[in-house]
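Throughout, a chain's letter reflects where its sequence line sits, starting with A, and its residues are numbered from 1. Here the structure is a predicted model, which means the values were calculated and not measured.
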Protein chains: 2
Amino acid sequence: MDTPRRQDGRQSALAPEYAAQPDHIAPDSRRRRRESHEAVLRATKDLLSEVGYQRLTFEGIARRAGVSKATIYRWWPNKAALVIEALSGEVPLPPIHETGDLEADLRTAVRLTIELVSAMPTCLILPALLADVIEDPTGTGAFAELIEPRRASVVKLLERARLEGRLPPDTDTSLMVDIYSGTVVYLAAVNRIPPGEAVVGQLVSLLLHGHLPVSKGPAPADREESPGA
Amino acid sequence: MDTPRRQDGRQSALAPEYAAQPDHIAPDSRRRRRESHEAVLRATKDLLSEVGYQRLTFEGIARRAGVSKATIYRWWPNKAALVIEALSGEVPLPPIHETGDLEADLRTAVRLTIELVSAMPTCLILPALLADVIEDPTGTGAFAELIEPRRASVVKLLERARLEGRLPPDTDTSLMVDIYSGTVVYLAAVNRIPPGEAVVGQLVSLLLHGHLPVSKGPAPADREESPGA
DNA sequence: CATACAGTACGAAACGCACCGTTTCGCCAA
DNA sequence: TTGGCGAAACGGTGCGTTTCGTACTGTATG
């Protein structure tokens, strides 16, 4: 507009970032896409925490980012894909570095899931996002790209434990992950607040020891009431 | 329209139905609401299975039901409330009649949850519905009315078992319900198909015996692949 | 080395369409 | 008389697409 952006050295500064993106159409298709790309992701993240997923709008993002609506449509097929890209940049989540202590590692995994679920505004975005992805399978791949790495790393961890005899040999490690993931997502959605440390302990206890005691200790404000209430 | 419904005896026939509804404005407020009410619920259910929750629209329902849009807005505050009412009529679900066999009863409970989840078209409606309810707490009450009775009856069942020593005395029975509910909802959403009998067995096995074996037997086409895939 | 020429992403703006949620207006039955 | 009803229209918002002129790019050319 009034402050025309400089154009020297842009190319080299942005190149690596483009390479890290889940190419929607092409890695850095043809030419540059300059800072519009960042502005869109930035606006998406901001608006996501301001108005939530449902009220998030391409038009709103375009306005906020100071970008043409057409530009957004050019690079992202739909809202879900855009949000997933924004989210995956937001939650760095290195692969779990195992301590060898199965219980501690699993606890970490559960915490990471909780962190992912609560990464954004209220924890309500995941059901909405999930619903969108389900409806339009176009985004399924991107969604998988977001959760699958985490999933896989935990399954690997559990599989190793199983093969080493630290878990019963016939354990369904894959379902283990689904159980704590599903529970975490469900509790977060229904209680409108992600589960706390107590639930982490309870889930791990159930999965590893088959024991599901009520949360002992000071009860950190989670699970006071059940979903329906 | 061309086949005007009879109206004799309607009042008495419908009265109990109204009483069972989560009065949005009033049970059978002031005057009658006649068959428009049924037509709307009918159209809602039909369209729900045809186009799913997201593409379900007040205008579409009005068209299909041969009813004025204003009439729908008069009686239901939003889409979620309407869908919840339509759903709760659809899944009769008597309270579980206990057999005394805890394992069998819990198995039944899990199956009922699966049935609820798959009651409608593809199993995708629950995340979308959940997201809507979360966003607009207006419908929270109605939603609770849909799931809470089931939840409560299972908790009661589990509590009885716990007090009778058939479960460890410190068991968190409430979380037990959340765990299988969450897992079922999550698997259904992510796999795009409700879990099958194998998962029922696995969940019950985990919750009651602390044992989570891979599904034995012919493996009825569920859980072949994991969510992310 | 400088200049001209595609090629193409970009912003702005507008398009028709669908649905939103509300309001107005007769009509008709209680 | 009252009030729910269907029909129809309201302004508003977002969709997804298209058109346009501009700005910048990499490459070809003098």
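Residue B:Arg63 is in sugar-phosphate contact alone, with no base atom involved, counting any heavy-atom pair closer than 4.0 Å across all strands shown. Contacts of B:Ala70 with the nucleic acid, taken as non-hydrogen atoms under 4.0 Å apart, include base atoms.
For the side-chain hydrogen bond (donor to acceptor under 3.5 Å, both in side chains) test, residues two or more places apart in sequence or in another chain that qualify with B:Glu59 are B:Lys69. Judged as a side-chain contact (heavy atoms from CB on, under 4.5 Å), and not counting sequence neighbours, the contacts of B:Ala128 are A:Ala131, B:Tyr53, B:Gln54.
Using a 30° and 60° split on the angle between ring planes, B:Phe58 and B:Tyr73 fall in the tilted class, from 30° to 60°.
The pair A:Glu50-A:Arg64 meets the salt-bridge criterion, with a side-chain N (NZ, NE, NH1 or NH2) lying under 4.0 Å from an Asp/Glu carboxylate O.
Look at B:Arg74 and you'll find a side-chain N or O under 4.0 angstrom from OP1 or OP2 of D:dC5. OP1 or OP2 of C:dC10 lies within a sub-4.0 Å distance of a side-chain N or O belonging to A:Trp75. OP1 or OP2 of D:dG4 has not a single side-chain nitrogen or oxygen of B:Ser36 nearer than 4.0 Å.
If you check C:dC10, C:dC19, C:dT22 against the side chain of B:Thr57, the one that comes closest is C:dC19.
Comparing A:Glu59 and B:Ser68 by the nucleotide of DNA chain D that holds the closest heavy atom to each, the one mapping nearer the 5' end is B:Ser68.
Taking only distance into account, the side chain of A:Lys69 meets the base of D:dG16 through a donor-acceptor pair shorter than 3.5 Å.
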